[in-house]
Amino acid sequence: MVMKRLYSLLPVAALMLAGACGTPATSGEESLTRWVDPKIGTGGHGHVFVGANVPFGMVQLGPTSIPQEWDWCSGYHQSDSTVIGFSHTHLSGTGIGDLFDVTVMPVVGEVTYARGVEEDPQSGLWSYADRTKEVVRPGYYSVPLTRYGVTAEMTATPRVGFHRYAFPTSDEAALVFDLENGGCWDKATDTGFCLSDDSTRLSGWRYSSGWAKDQKVWFVAEFSKPVKGITFLQPGETSEAGTAARYARVDFDTTESEPLLVKVALSPVSAEGAAANLAAELPGWDFDATAAAATAAWEAELGKVRIETQDEAAKRIFYTALYHTMVAPSEFCDVNGDYRGADGQVRTNPGHKTYTTFSLWDTYRAAMPLMTILHPDRMPDIICTMLAIADEQGRLPVWHLWGNETDCMVGNPGIPVVADAIVKGIGGFDRGQAFEAIRKTAMNPDRGNGLRMKHGYIPCDLFNEAVAYDMEYALADGAAARAAEALGKDDDARYFTERSHSYRNYFDPVTGFMRGRDAKGGWRTPFNPFASTHRADDYCEGNAWQYTWLVPHDVAGLQACFGSREAMIAKLDSLFTVSSVVEGAETSPDISGLIGQYAHGNEPSHHVLYLYTMLGEPWKTADRVREVLSTLYHDQPDGLSGNEDVGQMSAWYVLSSMGFYEVEPAGGRYWFGAPYFERVQIAVPGGTFTVEAKNFAPENRYVQGVRLNGQPYDKPYISHEAVMQGGVLEFEMGPEPALWYDLAAAEISE
């Protein structure tokens, strides 16, 4: 292996603070971080991030393991204890892996500079982690590495990862900066390092291609003690930018009682930006204070919702779910506001904070609506970011990651999020510009939409996943129509409402399912509603049983397809009682969390349980929601029924356990299920919105009546405006099913 070695004995100014990292005490109210278990979702196919971060921060600092398989999309899985290092960026709950940027690994002695394989303990940098001594809580992570006798601790600010390592006494201790090994589908394309003249600061860059095709990240690292020497491995040419190497080994002399600290700041713009981020967010060396501040940041965000329950397992599930909803979207700008645009160009501060990690096909359904309730202060910046992306790439984002459009998943999922903000009256962005971005995106002919505009639907013989794409486009058109109505754009409202009915072309009245239709109007044959071929049939991660219900924007129209309310309810009942077998040689692994063919483990099903409330049988919603809450969410590593999907799976739990859910994209209202807790208090701009369950008991699972601020309430939903004003929503609970509202109050008809 080619090496280039530089030595420096120049001192690094440092303040060394040893000792255990403590959780800050709260005054007057119970600490909520104690109820968060970040290990929930690390088993099965949850794919959650484990490590140290702050809410919505750019940095997710935690361990990355050897495997680069589907269940290691976050770099961590409960079944595996290998560690190749501690990376500063991770995804949480996705079905594709990427990032894992700027990996730091503490080592002792000579090592092989590679990822390695578990079958050969000397094949790479990796070590086993002692999971019996692992500590993970919001804002803090620690684990011993058995191969090197090193205990690693870490915490974070929004843009800086802070490490503390306890080495044994050694003159061969080192920190290896690994820019080669990301994870899963990520591959480094251009990497390098630059050592400052006084050898106190190591900076560098990592360009990579994977899910994000052109990702760029810069970093700056500072150390708490003098560097003995630096080795660049796999180097290329040296230029003014630095040495184009894949690894840098930074050597130290260590003693048993002496902690070694390193701060690593990131930037999507430049090394200078990373240095500025470091100076602004973490100028000192107080690790414990930084960890306490990270925990306090989590306490503040978790404290926006307080629940009362005697069920401790449900409390752990709830606050862990709430924690998971705040890993992303992630900040994607330097402290001065500069960011890298969707066109690859660096832009100066646009006047708002820029975000990334937009898993919109998942999150438009519950995670983003939850943000409009809990984080209305962040929503203007999120919408402004999405509008900037629309300007830079010509349409609203689909799945945006570190300045890259991945185009992952189907439809126009950015439209419901922007339309929802318009309908809910969220300020801080240009509403006219927002609607133009919606219109431009809706009229974009790419990704099958041109076929839809030509034929009135997407023919299944001309486009893969035609039914899924078209139904998601129709859903987005429904959201666009609601935004147009809110802005008084009557012509646009009529146009998009009519176009939102394109799903009706797929409804087969003979079988009672949505099924593919070719360009001549003929049905796809043969047809089996239980069949699935992953990403290679007319649906997307689903089958006809699941996609038949993907019409949350036009329930009245779907009811008309079935012929009557009774016929639709009968078909909906059968969804939960038919066989759970999904047929086919290459079925989608995302069809999970099955009750009959209802698949809670994937997002297209998430609104379905609430259709009963909309159709006048709310007790069935109550039954099924309780079944999902109590059987498909657990406080164990295998606690999720599918991928966490960047907060969506958890957001469903948070909203549904509070007693309501936003079914219609950009509908501006939340449909009632039944509260899962005795009392919930939500901090909103108007003060506190309280949900109370009167006569709360396991047998009293059905709503008998509702009162809002002490007055009888006869609607099966509540508006976003009413929630944000604060007040008290009381559910009178009882043991018998009841229809406590006039069915006309559902207002599902056009």
Side-chain angles (χ1 to χ4, degrees), residues 38 40-42 44-51 53-60 62 70-76 89-100 138 183-186 210-212 215 301 320-332 354-372 374-375 378-379 382 385-386 389 396-411 413-414 416-417 420 540-541 590 592-593 600-604 606 633 639-655:
I40 295 174
T42 61
H45 307 308
H47 299 181
V48 300
F49 162 68
V50 172
N53 64 333
V54 294
F56 307 104
M58 179 187 295
V59 165
Q60 301 88 32
W70 189 55
D71 276 329
W72 281 262
C73 286
S74 73
Y76 185 105
T89 60
H90 289 84
L91 292 167
S92 186
T94 58
I96 303 179
D98 203 339
L99 304 185
F100 309 99
C184 298
W185 292 264
D186 169 272
W211 193 14
Q215 192 209 352
E301 296 293 348
T320 303
L322 191 56
Y323 164 80
H324 282 150
T325 68
M326 295 184 282
V327 174
S330 312
E331 294 183 19
F332 188 59
T354 298
Y355 286 86
T356 187
T357 322
F358 287 117
S359 180
L360 296 171
W361 184 81
D362 306 295
T363 60
Y364 82 74
R365 306 168 201 266
M368 296 306 292
L370 180 65
M371 285 201 69
T372 67
L374 300 185
H375 311 289
R378 293 184 185 270
M379 285 305 300
I382 287 173
T385 297
M386 293 177 68
I389 291 171
L396 288 168
V398 175
W399 213 124
H400 233 258
L401 181 61
W402 273 77
N404 288 252
E405 179 57 79
T406 69
D407 272 329
C408 187
M409 308 311 292
V410 302
V417 176
D420 196 43
C540 176
E541 299 181 355
D590 297 285
S592 59
H600 191 74
N602 210 24
E603 283 65 29
H606 277 188
Y633 292 86
L640 298 172
S641 58
N643 300 159
E644 168 57 26
D645 282 316
V646 197
Q648 169 62 25
M649 196 66 65
S650 289
W652 190 97
Y653 186 96
V654 171
L655 284 169

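Just so we're clear, the structure is a prediction, and the values are computed from it rather than from any experiment.
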Verdict with supporting geometry, Asp186 and Gln215, side chain to side chain contact (heavy atoms under 4.5 Å, CB included): CA-CA 10 Å; Asp186 169 272; Gln215 192 209 352; 4.2 Å; yes
Would you say the side-chain atoms of [X] pair up with the backbone N or O of [Y], donor to acceptor, closer than 3.5 Å?
X      : Y      : value
Thr320 : Pro38  : no
Asn602 : Glu541 : yes
Glu405 : Val398 : yes
Gln648 : Ala367 : yes
Asp98  : Ala212 : yes

Check [X] against [Y] and note the closest heavy-atom contact, atom names and distance.
X      : Y      : answer
Met386 : Gly414 : CE-O, 3.6 Å
Asp71  : His47  : OD1-NE2, 2.7 Å
Gly95  : Trp70  : O-NE1, 3.1 Å
Ser92  : Val48  : OG-CA, 3.6 Å
Val50  : Thr42  : CG2-CG2, 3.4 Å
Ser592 : Ser641 : OG-O, 2.6 Å

From [X] [atom1] over to [Y] [atom2], what is the distance, rounded to the nearest 0.5 angstrom?
X      : Y      : atom1 : atom2 : answer
Arg378 : Met326 : CZ    : CE    : 9.0 Å
Glu603 : Met649 : CD    : CE    : 5.0 Å
Trp399 : Asn404 : CH2   : CG    : 11.5 Å
Glu644 : Ile40  : CD    : CD1   : 10.5 Å
Thr356 : Leu401 : OG1   : CG    : 5.5 Å
Thr325 : Leu655 : OG1   : CG    : 9.0 Å

Exactly one candidate in Phe358, Phe332, Tyr355 meets ring pair (Phe, Tyr, Trp, His ring centres under 6.0 Å) with Trp402; the answer is Phe332
Non-hydrogen side-chain atoms of [X] and [Y] separated by less than 4.5 Å:
X      : Y      : answer
Phe56  : Met371 : yes
Pro416 : Met368 : no
Leu396 : Val417 : no

Please report whether the ring centroid of Tyr633 lies less than 6.0 Å from that of His600. yes
If you take the centroid of each ring, where Trp contributes its six-membered ring, are His90 and Tyr76 closer together than 6.0 Å? no
Only one of Ile96, Leu360, Thr94 passes side-chain contact (heavy atoms from CB on, under 4.5 Å) with Cys408, and that residue is Ile96
List the steps, then state whether side chain to side chain contact (heavy atoms under 4.5 Å, CB included) holds for Val646 with Leu91. CA-CA 8 Å; Val646 197; Leu91 292 167; 5.9 Å; no
